[in-house]
Amino acid sequence: MSTIPVLTIDGPSGSGKGTVSRAVADRLGWHYLDSGALYRSVGLAASWAGVDFSDHASLVRCAFDTKVRFDTSGDDEPRVIVNGVDATDELRTETAGAAASAIAVISEVRAALLDKQRAFRRRPGLVADGRDMGTVIFPDAEFKVFLTASAQERAERRYNQLKAKGLAVKMDSLLREILARDARDAQRAVAPLRPAADAITVDSTGMPVEQVIDRVLSLVQTKRGR
Ligand code: DC
């Protein structure tokens, strides 16, 4: 198993991880793990079930029981099926993001998702996108990137994404939410957001996404060619 190559791409919300990871996985012909979607799915499934977010035992049960399937049969981005329901759009809302961030601080929830995430490591390779891919889930990954961008730029990107979907959002509240989520993700005791010691940091502020994709691909290709 350890011979199956993994590229981990960790970083804060809105750093472009999702777009970059998917494109890089596509170009390499590798599998793709959107670990944030797993956390979001568990948060959403817990809300659907009316679970009280202070009831950790029920949240942990939800983490074990929630069935998440990525349907890649269409031409567009994968659809995320949560307990049989297509939740792709609902998963992207700030509400789902906040639920994910809240459950992500519970170490037993993280432990429940460990094997589910490692199961994505299949031939010919995996691009794993998240917060702790290089530090906790795949510490032995051959390639590790920490992708970041300024909070202002991340808020602008999220604003434009949501606006394009016809969702009404306010820029200043988005920026506040992003800063609050960053602080929570970086300060939590379990698997805090930080670059792995052997990760290469790529700051995408002001960089067009194509350039970021090429940069990450060239990191992989350079290392593979050695
Ligand atoms: O990447 P994202 O915005 O979809 O992630 C949603 C939340 O899930 C984020 O606030 C932190 C959490 N998360 C995590 O703790 N570990 C991961 N590997 C991925 C996401």
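This chain uses plain numbering: 1 for the first residue, then up along the sequence. Numbering of ligands and ligand atoms starts at 1, following listing order. Basis for what follows: all heavy atoms, side chains included, without hydrogens, waters or symmetry-related copies.
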**Student:** Under 4.0 Å from any heavy atom of S13, which atoms of ligand 1 are there?
**Tutor:** 3 (O)
**Student:** What protein heavy atom is closest to atom 1 (O) of ligand 1, reported as residue, atom name and distance in Å?
**Tutor:** R131 NH1, 2.7 Å
**Student:** List every atom of ligand 1 that sits less than 4.0 Å from any heavy atom of S35, numbering the atoms from 1 in the order shown and giving each element.
**Tutor:** 17 (C), 18 (N), 19 (C)
**Student:** Tell me, which protein residue and heavy-atom name are nearest atom 15 (O) of ligand 1, and how many Å apart are they?
**Tutor:** R110 NH1, 2.8 Å
**Student:** What distance separates D132 CG from S35 OG, expressed to the nearest 0.5 Å?
**Tutor:** 6.5 Å
**Student:** For ligand 1 and D132, I'd like to know whether there is a polar contact (N/O to N/O, distance under 3.5 Å).
**Tutor:** yes
**Student:** Can you confirm, on distance only, whether ligand 1 has an N/O atom lying under 3.5 Å from any N/O atom belonging to R188?
**Tutor:** yes
**Student:** If we ignore angles and hydrogens, is there a donor and acceptor under 3.5 Å between the side chains of Y39 and R110?
**Tutor:** yes
**Student:** Given M133, R40, K17, which has its nearest heavy atom closest to atom 2 (P) of ligand 1?
**Tutor:** R40
**Student:** Should V202 and L7 be counted in the same cluster of Ile, Leu, Val, Met, Phe, Trp and Tyr side chains packed under 4.5 Å apart?
**Tutor:** yes
**Student:** Measure the acute angle between the ring planes of F143 and W30, then classify it against the limits of 30° and 60° as parallel, tilted or perpendicular.
**Tutor:** tilted
**Student:** Where do S204 and R157 land on the side-chain hydrogen bond (donor to acceptor under 3.5 Å, both in side chains) test, with the steps shown first?
**Tutor:** CA-CA 12 Å; S204 70; R157 289 178 190 168; 3.2 Å; yes
**Student:** With a 4.5 Å cut-off on side-chain heavy-atom distances among I, L, V, M, F, W and Y, is there a chain of contacts connecting F120 to V24?
**Tutor:** no
**Student:** Where is the nearest protein heavy atom to atom 7 (C) of ligand 1: which residue, which atom, and how far?
**Tutor:** A100 CB, 3.5 Å
**Student:** Once you restrict to heavy atoms under 4.0 Å, what part of R184 touches ligand 1? Side chain, backbone, both or neither.
**Tutor:** neither
**Student:** Considering only heavy atoms of R181, which atoms of ligand 1 have at least one such atom less than 4.0 Å away?
**Tutor:** 3 (O), 10 (O)
**Student:** Would you check, one step at a time, whether the test side-chain hydrogen bond (donor to acceptor under 3.5 Å, both in side chains) holds for R181 with S101?
**Tutor:** CA-CA 7 Å; R181 177 117 53 93; S101 182; 4.8 Å; no
**Student:** If every non-hydrogen atom of S58 is compared with every non-hydrogen atom of V51, which pair is closest and at what distance?
**Tutor:** CB-CG1, 3.7 Å
**Student:** A104 heavy atoms, cut-off 4.0 Å: which ligand 1 atoms fall inside?
**Tutor:** 12 (C), 15 (O)
